[in-house]
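Worksheet for the structure shown next.
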Amino acid sequence: EARKRISLVVIGHVDAGKSSCVGQLLLQSGAVSARDAQRAESAARAENKASFKLAFLTDKSSAERSRGVTIETSLHKFSTPRFDFNILDAPGHRDYLKNAITGVAQADVAMLIVAAGTGEFEAGLSRQGSTREHMLLAFTLGVKQIIVAVNKMDAASWSEERFDEIRDTVRLELKKVGYKPAKVTFVPISAFNGHNVGQRYEADDAAWYSGPTLLEALDAVREPKRPTDKPLRIPVADVYNIRGVGAVIAGRVETGVISARQAVVAAPGGASGQVRSIEVHHEDRPFAAVGESIGFNVSGVSKADVRRGDVVGPAGEDRPVAAESFVAQIVVVNHPGAIRAGYQPTVDIHTAHVACRFQELLQLVDRRTGEVKEESPEALRQGDAALVRLVPIRPVVVEAFADYAPLGRFVVRDGSATVAVGVVREVARRAAA
């Protein structure tokens, strides 16, 4: 039987130690060799960033190494006794929120890293911090399970009191967002020293903790349910030109199965062809199923024909089609004034980022019961839940949440602020060209 694959997104405020934690997971699970770790340490020393030695295993671009922040969402693989994990190491800097959303949109499980250092945890939860926003993004984009790693415990002298304070605060925030705190595991770690990541930290100052290590907590996650009975949908995360192969489309199979020699189409652009090859973590495969992050090559399709945010599906009658407009239920989570018809923010849906116009405010509803409170409201304010009609400014594929959940959840952004979150109720499709 094939091993179960799980996509893990690593979220949290900048400098919480996300890349170092991922580096340690790769090292302690045996996914990277001690030699690779040594090379990363040498590269870090060469740039006077010795404390970033583990991050250098994951942050590959020169921009990331020089700034010490993760920009693109990078992909790595490690295994536990039960699962093969793909790690999406999401950026924590607010400037890079767009890339972080692409990572979160592809994940089954989120690992939230918070720093235990005095002032660091508080900075992550401040208005300028990313911690709260990342939790909200994860829940809205359908990441049902979350694990919290309280990092840099060495900076807090492995204080049980500090761990309890952080755990209680984060539980409260997770509950506000929609998670059930009782189901969330909290693990105190020191990623830099490797304590409690894969190997238990046995020192006296951590004797108060008897729970799982981070790898054990990850191995204990519930296997996600996969929508295998739906037609194929792969939101495109990136397109690469590979010498000798041509354009390789990267993305996660959200529904259905993709097979070699299958006829596929990328919407909204309409580029189509036959699948020539499929790769999962550098292994050639005859097919790939729901939940797998893959790279695939399609005959006659070049890098110019497909872009991030497109959706690949079967070329037949179940093909993906761009939306003319869509009706969605939204909750306004952060807006200083009133939202009226004509408002035009950015909508992040699966891997697409597209400006959408609020064409019509249809109903104000109770956010818990869904009961209609007012027809055709004049404006929406913070805390309101409503049914609205949105019109994308450029073609984009959107699906009803009930039919294709991963392609039917979205985040509304204005600048770098998350204004609202929502799910698609119904879609008016564009007429075929």
Do R132 and E173 sit within salt-bridge range, that is, some charged N less than 4.0 Å from a carboxylate O?
-> yes
Checking side chain to side chain contact (heavy atoms under 4.5 Å, CB included) for the pair M135/L112: CA distance, chi angles, key distance, verdict?
-> CA-CA 8 Å; M135 290 179 198; L112 172 67; 3.7 Å; yes
Counting heavy atoms not belonging to R276, are there more than 12 under 6.0 Å from its CZ?
-> yes
Rounded to the nearest 0.5 angstrom, the CD1-CG distance for I278 and N297 is 10.5 Å
Hey, could you give me the CD1/OH distance between I249 and Y240, rounded to the nearest 0.5 Å?
-> 12.5 Å
What pairs meet the salt bridge (Lys or Arg N to Asp or Glu O under 4.0 Å) rule with one or both residues in residues 289-304, with sequence neighbours excluded?
-> R5-E292, R285-E292
The ring-ring contact (aromatic ring centres under 6.0 Å, His included) partners of Y404 (sequence neighbours excluded) come to none
Spacing of OG belonging to S126 relative to NE2 belonging to H13, to within rounding of 0.5 Å | 6.0 Å
With a 4.5 Å limit on heavy-atom distance, are the side chains of I147 and L214 in contact?
-> yes
Considering residues at least two apart in sequence or located in another chain, which fulfil the ring-ring contact (aromatic ring centres under 6.0 Å, His included) criterion with F410?
-> F326
Find the distance between OG (S325) and CD (E426) and round it off to the nearest 0.5 Å.
-> 8.5 Å
Check against side chain to side chain contact (heavy atoms under 4.5 Å, CB included), H353 and R308 = CA-CA 9 Å; H353 312 290; R308 178 190 279 189; 4.1 Å; yes
Are the side chains of C21 and V10 in touch, meaning some heavy atoms are under 4.5 Å apart?
-> no
So, does D219 use its side chain to make a donor-acceptor pair with the main chain of R82 at under 3.5 Å?
-> yes
Which class fits the ring pair Y343 and H335: parallel under 30°, tilted 30 to 60°, perpendicular over 60°?
-> perpendicular
Listed by chain and number, what are the salt bridge (Lys or Arg N to Asp or Glu O under 4.0 Å) partners of E216, not counting sequence neighbours?
-> R200
Less than 4.5 Å apart, any side-chain heavy atom of L232 and any of Q262?
-> yes
Taking the side chain as C-beta and beyond, is there a heavy-atom pair between D348 and R413 under 4.5 Å?
-> yes
For T255 and P231, indicate whether the former's side chain and the latter's backbone hold a donor-acceptor pair under 3.5 Å.
-> yes
Side chain proximity check, F192 to K152, heavy atoms < 4.5 angstrom = no
Backbone N/O of I113 and side chain of N151: donor-acceptor pair under 3.5 Å = no
What distance separates I258 CD1 from I234 CD1, expressed to the nearest 0.5 Å?
-> 4.0 Å
Decide, yes or no, whether a salt bridge links D108 with R252 under the criterion of side-chain N to carboxylate O below 4.0 Å.
-> yes
CG-CG distance between D384 and L361, expressed to the nearest 0.5 angstrom = 10.0 Å
Report yes if the side chains of L25 and L218 come closer than 4.5 Å at any heavy-atom pair, otherwise no.
-> yes
Just wondering, do P268 and D310 contact through their side chains at under 4.5 Å, heavy atoms?
-> yes
Listed once per pair and sorted, the ring pair (Phe, Tyr, Trp, His ring centres under 6.0 Å) pairs that draw on residues 168-191, sequence neighbours left out = F139-Y179
Can you tell if the side chain of R233 reaches within under 4.5 Å of the side chain of P320, non-hydrogen atoms only?
-> yes
Sorted by chain and number, sequence neighbours left out, salt bridge (Lys or Arg N to Asp or Glu O under 4.0 Å) with D403 holds for none
Begin from the C-alpha positions of I87 and L26 and carry the test side chain to side chain contact (heavy atoms under 4.5 Å, CB included) through to its verdict.
-> CA-CA 9 Å; I87 313 182; L26 295 172; 4.2 Å; yes
Take S7 and V9 through the side chain to side chain contact (heavy atoms under 4.5 Å, CB included) test and state the conclusion after the steps.
-> CA-CA 7 Å; S7 290; V9 70; over 6 Å; no
